[in-house]
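First comes the structure, then the notes that go with it.
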Amino acid sequence: MNEKLIVSSSPHIRTNEDTTYIMKQVILALLPATAAGIYYFRIQGLITILACVIGAVGSEWLYCKITKKRSTVGDLSAVVTGLLLAFNVPAGFPVWMCIFGSVFAIIVVKMVFGGIGFNFLNPALAGRAFLLASFPVAMTTWLKPGANPDAVTAATPLSYLKLAGGTSADAVGRIHEAGISLGQMFMGNIGGTIGETCSLLIILGGVYLIYKGIISYIMPAVYIVLVVVLSFIFGGFNAEFAMYQALAGGLLLGGFFMLTDYTTSPMTKKGQIIYAAIAAVIATCIRLFGGYPEGVSYSILFANCLVPLIDKYVNNRVFGEVRK
């Protein structure tokens with residue numbers, strides 16, 4: 001027999017679930033919410049989504065071409081980044097700004113550090129933070145669902161929920177006066193980013209990923225539940241205020257689709273709990289006491305920076321004994 005015996009290090013388990021398969025599942029999980037975003041924001045939502053996705057894929061292809069590296073566009077990670085970036089900007093966001101954010105997310109945050117698996121920040125959230133710092137007016141100009149391109153809404157639900165020296169009862173009163181109900185927020189008929197369209201479909205997408213084994217329930221559960229509990233406590237034990245906080249902004253999207261990014265989250269279950277809890281505390285503090293209504297993006301980005309430290313000091317229990 002001329003067969004070679006190949007000896008390699010562990011792991012020796014083989015699976016068909018490669019990067020492309022995982023990204024396909026994430027895209028499938030996001031498709032219902034994407035459809036809802038296009039339904040609510042019409043052509044403006046569609047153009048924004050296409051601009052971000054095309055900008056992300058084009059950036060990755062061009063970078064590989066210029067650096068003479070094998071193209072990684074086929075793994076679909078750039079599509080996921082573009083789609084998540086689109087979910088984090090307002091519908092009708094200028095096309096050139098969408099492309100600008102996609103270029104930053106892909107080239108600066110991902111490819112410069114070595115590509116998928118080497119970036120230490122979530123590219124889509126880093127792209128959002130970059131766009132918010134660069135174009136704050138455009139990033140806070142919201143279209144009303146179903147509105148024409150010139151119609152904007154003055155504030156998102158999170159803006160009404162901002163305590164700003166008042167009580168949670170005052171915040172709930174303001175959002176009631178604005179005619180925004182929990183039902184509307186659950187179904188997505190509100191102003192805001194495309195990713196705030198439909199909480200129901202975001203949850204269903206997250207549950208699908210958990211069912212398929214793509215993500216673990218640990219990080220989303222700890223993050224979302226802790227934000228709600230802290231909002232309830234610091235909101236004067238107002239359950240309605242806490243429920244509004246759960247459905248407002250990008251909490252569900254961040255918890256299911258961005259906090260759980262393989263590259264930027266801890267490897268151990270204990271580390272994942274600590275990581276999600278830190279992000280939840282930061283998000284709640286920014287939302288309730290900071291100067292900015294939304295804290296999801298910055299909470300996850302800050303937690304991303306702590307992942308190497310968490311992985312260093314939080315290890316799985318070692319069984320057995322090594323003898324010299």
Side-chain angles (χ1 to χ4, degrees), residues 8-15 17-23 25-26 29 72 75-78 80-81 84 88 104-130 206 209-210 212-227 229-230 250-286 295-322:
S8 63
S9 61
S10 59
H12 300 294
I13 299 174
R14 296 293 182 264
T15 177
E17 296 183 3
D18 58 5
T19 302
T20 304
Y21 171 83
I22 292 170
M23 294 304 160
Q25 299 307 310
V26 176
T72 53
D75 65 17
L76 301 179
S77 61
V80 172
T81 296
L84 288 174
N88 278 278
F104 181 86
I106 293 295
I107 295 181
V108 177
V109 182
K110 178 183 174 183
M111 301 307 291
V112 167
F113 286 93
I116 187 170
F118 294 95
N119 52 287
F120 71 97
L121 294 176
N122 182 284
L125 288 181
R128 181 191 187 278
F130 171 74
L209 292 181
I210 294 171
K212 296 293 287 186
I214 303 300
I215 64 173
S216 167
Y217 72 91
I218 294 174
M219 288 181 283
V222 172
Y223 184 65
I224 295 168
V225 170
L226 189 54
V227 168
V229 170
L230 291 174
L251 182 68
L252 298 174
L253 179 70
F256 283 113
F257 290 95
M258 290 179 282
L259 188 77
T260 54
D261 178 32
Y262 289 174
T263 308
T264 57
S265 58
M267 294 182 289
T268 64
K269 288 184 179 180
K270 188 185 298 184
Q272 290 170 359
I273 293 171
I274 295 170
Y275 163 76
I278 291 172
V281 171
I282 295 172
T284 306
C285 288
I286 294 175
V296 169
S297 299
Y298 295 112
S299 71
I300 296 176
L301 288 172
F302 184 84
N304 288 164
C305 297
L306 298 179
V307 168
L309 193 65
I310 294 173
D311 280 336
K312 181 178 179 180
Y313 290 104
V314 180
N315 299 311
N316 283 324
R317 183 178 177 184
V318 177
F319 294 90
E321 181 182 354
V322 178

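Everything numeric in this text was worked out from a predicted model, so none of it was measured. Computed from heavy atoms alone, side chains included, the values below leave out hydrogens, waters and symmetry copies.
- Considering Val80, Ile116, Asp18 in turn, Ile116 is the only one that fulfils the side chain to side chain contact (heavy atoms under 4.5 Å, CB included) rule with Asp75.
- Not a single donor-acceptor pair under 3.5 Å links the side chain of Asn119 to the backbone N or O of Thr263.
- Side-chain contact of Ser216 with Lys269: a donor-acceptor pair under 3.5 Å is absent, judged by distance alone.
- Taking every heavy atom of both residues into account, Gly271 and Pro266 meet most closely at O-CG, 3.5 Å.
- The backbone N or O of Leu251 sits nowhere less than 3.5 Å from a side-chain atom of Tyr223 that would complete a donor-acceptor pair.
- When side chains are defined from C-beta on, Tyr275 counts as touching Ile300, because their heavy atoms get closer than 4.5 Å.
- How far CD1 of Ile310 is from OG of Ser265: 10.0 Å, rounded to the nearest 0.5 Å.
- Residues Tyr298 and Ala129 come closest through the heavy atom pair CE2-CB, 4.1 Å.
- By the 6.0 Å contact criterion, CZ on Phe302 is open, its count of non-hydrogen atoms from other residues, nucleotides or ligands being 12 or less.
- Residue Gly206 comes nearest to Phe256 through the heavy atom pair CA-CD2, 3.5 Å, listed as atom of the first residue, atom of the second, then distance.
- The aromatic rings of Phe113 and Phe120 stand perpendicular to each other, their planes meeting at an angle above 60°, with 30° marking the opposite boundary.
- Atom CG of Leu209 is separated from atom CD1 of Ile22 by 10.5 Å, given to the nearest 0.5 angstrom.
- Separation of atoms CD1 (Ile224) and CE (Met219) is listed at 11.5 Å; rounding is to 0.5 Å.
- Scanning all heavy atoms of the two residues, the minimum distance from Leu121 to Val109 falls at O-CG1, 3.8 Å.
- Closest approach of Leu226 to Val281, counting heavy atoms only: CD2-CG2, 4.5 Å.
- Taking CG from Leu125 and OG1 from Thr264, the interatomic distance works out to 8.5 Å, rounded to the nearest 0.5 Å.
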Item to check | Full working for side chain to side chain contact (heavy atoms under 4.5 Å, CB included) between Met111 and Thr72 | outcome: CA-CA 10 Å; Met111 301 307 291; Thr72 53; 4.1 Å; yes
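- Going from atom CD of Gln272 over to atom CG of Asp311 covers 9.0 Å, rounded to the nearest 0.5 Å.
- Taking 4.5 Å as the limit, some side-chain heavy atom of Asn88 sits within range of a side-chain heavy atom of Ser297.
- The line from CE of Met258 to OG1 of Thr81 is 11.0 Å long, rounded to the nearest 0.5 Å.
- At a threshold of 4.5 Å between non-hydrogen side-chain atoms, the residues Leu84 and Leu253 count as touching.
- For the residue pair Ser299 and Ala279, the shortest heavy atom distance occurs at CB-O, 3.1 Å.
- In this structure, Tyr262 contributes its side chain and Ile214 its backbone to a donor-acceptor pair below 3.5 Å.
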